[in-house]
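Encoded as structure tokens, the structure appears first; notes follow it.
Order of the sequence lines fixes the chain letters, A, B, ..., with proteins taken first and strands second; residue numbering starts at 1 for each chain.
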There are 2 protein chains.
Amino acid sequence: MGKQMTEMLKGVLEGIVLAFLRNRSAYGYEITAWLREQGFADIAEGTIYALLIRIEQRGLVDVEKVASEKGPPRKVYSLNAQGQEYLDEFWGTWSFLNQRLDQLHEGGN
Amino acid sequence: MGKQMTEMLKGVLEGIVLAFLRNRSAYGYEITAWLREQGFADIAEGTIYALLIRIEQRGLVDVEKVASEKGPPRKVYSLNAQGQEYLDEFWGTWSFLNQRLDQLHEGGN
DNA sequence: CTCCGCTATTCAGTGTTACTATCTACCGGT
DNA sequence: ACCGGTAGATAGTAACACTGAATAGCGGAG
């Protein structure tokens, strides 16, 4: 992946995953697959699993182990109230950045 | 500063500075002051200087030492051709991210 | 004259994050 | 019995922004 994209994803990827989980619960493998569909072609699986563990430890998501017909049991993540709150903050932060960059891109300084 | 902002700035701050330097040459202290005006209230000076050294070492900017009436000599940075190219890439990467996030924010899935 | 504040830069150490690469584990089909 | 696909975990690495402090020159207050 481009180095630029890699760096830019830091701090953003978490928001993307949380935003996805707001719409519906999902497990890691599923999230990875969805990201690939969205054009984030080569986000490593390991990255997503690590991220999910982080947001779980911060108490932003609830986890439920569900047996799978294929492979090991799935860990199904769903956004909880605290996660929702954090996500709102995320959109606020992002929209601030968005405005600054738009301004820079168009007008010049 | 908010932790979210800190993480989100990774990879983005560099683009912001390069975009600023496209409009006009500047030295570190000046850039820091401008960022504060733009609402990036508490970006540490040390952060900017480190960033400037990085982009200098990557050959994205040209540097000229200019004596100052006040304090030590200024290192004036200006965007060169390679930097311009890199900046174009940056806008591309960012606009991709922007689209994905807009979509997520509005529509849902 | 000396100290303080402002301008201006540098640097060492830290925490967070995404990446790479590898490993475990379970299932169905050849 | 083995392999491909599903599912998750983990150790080590690189990049980046932050903190905090140090250095350095100048002007003005005391």
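Distance OH (Y77(A)) to C1' (dA9(D)): 10 Å, rounded to an integer number of Å. Rounded to whole Å, the distance from CD on Q4(A) to P on dA18(C) is 17 Å. Atom CD in E56(B) sits roughly 12 Å away from atom P in dT9(C) (whole-Å rounding). Rounded to whole Å, the distance from CD1 on I43(A) to P on dG8(D) is 17 Å. One interatomic measurement links the two molecules: CZ of R36(B) to P of dC6(C), which rounds to 13 Å at whole-angstrom precision. With rounding to whole Å, M5(B) atom CE is found 19 Å from dC16(D) atom P. At whole-Å resolution of the value, CD1 in I16(B) and P in dA17(D) are 10 Å apart. Put simply, CE on M8(B) is 18 Å from P on dC16(D), counting in whole angstrom units.
Look at Y29(B) and you won't find any side-chain N or O under 4.0 angstrom from OP1 or OP2 of dT9(C). Residue K3(B) places none of its side-chain N or O atoms closer than 4.0 Å to OP1 or OP2 of dC18(D). Residue R58(B) has a polar side-chain atom (N or O) positioned under 4.0 Å from OP1 or OP2 of dC16(D). The phosphate of dT10(C) (OP1 or OP2) has no side-chain N or O of R74(B) nearer than 4.0 angstrom.
In terms of the side-chain hydrogen bond (donor to acceptor under 3.5 Å, both in side chains) criterion, residue partners of R74(B) (sequence neighbours excluded) are, by chain and number, Y27(B). With sequence neighbours left out, the side-chain hydrogen bond (donor to acceptor under 3.5 Å, both in side chains) criterion links D102(B) to no other residue. In terms of the side chain to side chain contact (heavy atoms under 4.5 Å, CB included) criterion, residue partners of S95(B) (sequence neighbours excluded) are, by chain and number, Q99(B). Listed by chain and residue number, E7(A), K10(B) satisfy the side chain to side chain contact (heavy atoms under 4.5 Å, CB included) test with K10(A) (two or more places apart in sequence, or in another chain). Residues satisfying the salt bridge (Lys or Arg N to Asp or Glu O under 4.0 Å) criterion with E30(B), sequence neighbours excluded, are R24(B).
Within residues 46-55 of chain A, the residues approaching DNA chain D are G46(A), Y49(A), by heavy-atom distance under 4.0 Å.
Proximity note for L13(B) (side chain, C-beta onward) versus dA15(D), dA17(D), dG8(D): the nearest is dA17(D). Across dT20(C), dT16(C), dA9(D), the shortest atom-to-atom separation from the side chain of A44(A) is found for dT20(C). The T6(A) side chain lies nearest to dC19(C) when the options are dA15(D), dC19(C), dT6(D).
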**Message:** Can you build the contact string for nucleotides 22-30 of chain C? Use B for base contact, S for sugar-phosphate-only contact, and - for no protein heavy atom under 4.0 Å.
**Reply:** ---BBS---
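I31(A) CD1 to L51(A) CG: the interatomic distance, rounded to the nearest 0.5 Å, is 8.5 Å.
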List the atom pairs, with distances to 0.1 Å, where a side-chain N or O of residues 83-90 of chain A and a protein N or O form a donor-acceptor pair under 3.5 Å, not counting sequence neighbours.
from: Q84(A); atom 1: NE2; to: D88(A); atom 2: OD1; distance (Å): 3.3
from: Y86(A); atom 1: OH; to: E14(A); atom 2: OE2; distance (Å): 2.8

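The ring-ring contact (aromatic ring centres under 6.0 Å, His included) contacts involving residues 37-71 of chain A comprise F40(A)-F96(B), where partners must be two or more places apart or lie in separate chains.
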**Asked** When you look at T93(B) and Q4(A), which way does the side chain to side chain donor-acceptor pair (under 3.5 Å) test go after all the steps?
**Response** CA-CA 7 Å; T93(B) 305; Q4(A) 282 187 338; 3.1 Å; yes
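Among all heavy-atom pairs drawn from L79(A) and L60(A), the shortest one is CD1-O, 3.7 Å.
When each of E45(A) and G28(B) is assigned the nucleotide of DNA chain C bearing its nearest heavy atom, the one mapping closer to the 5' terminus is G28(B). Taking for each of E30(A) and K10(A) the nucleotide of DNA chain D with the nearest heavy atom, the 5'-most of the two is the partner of E30(A).
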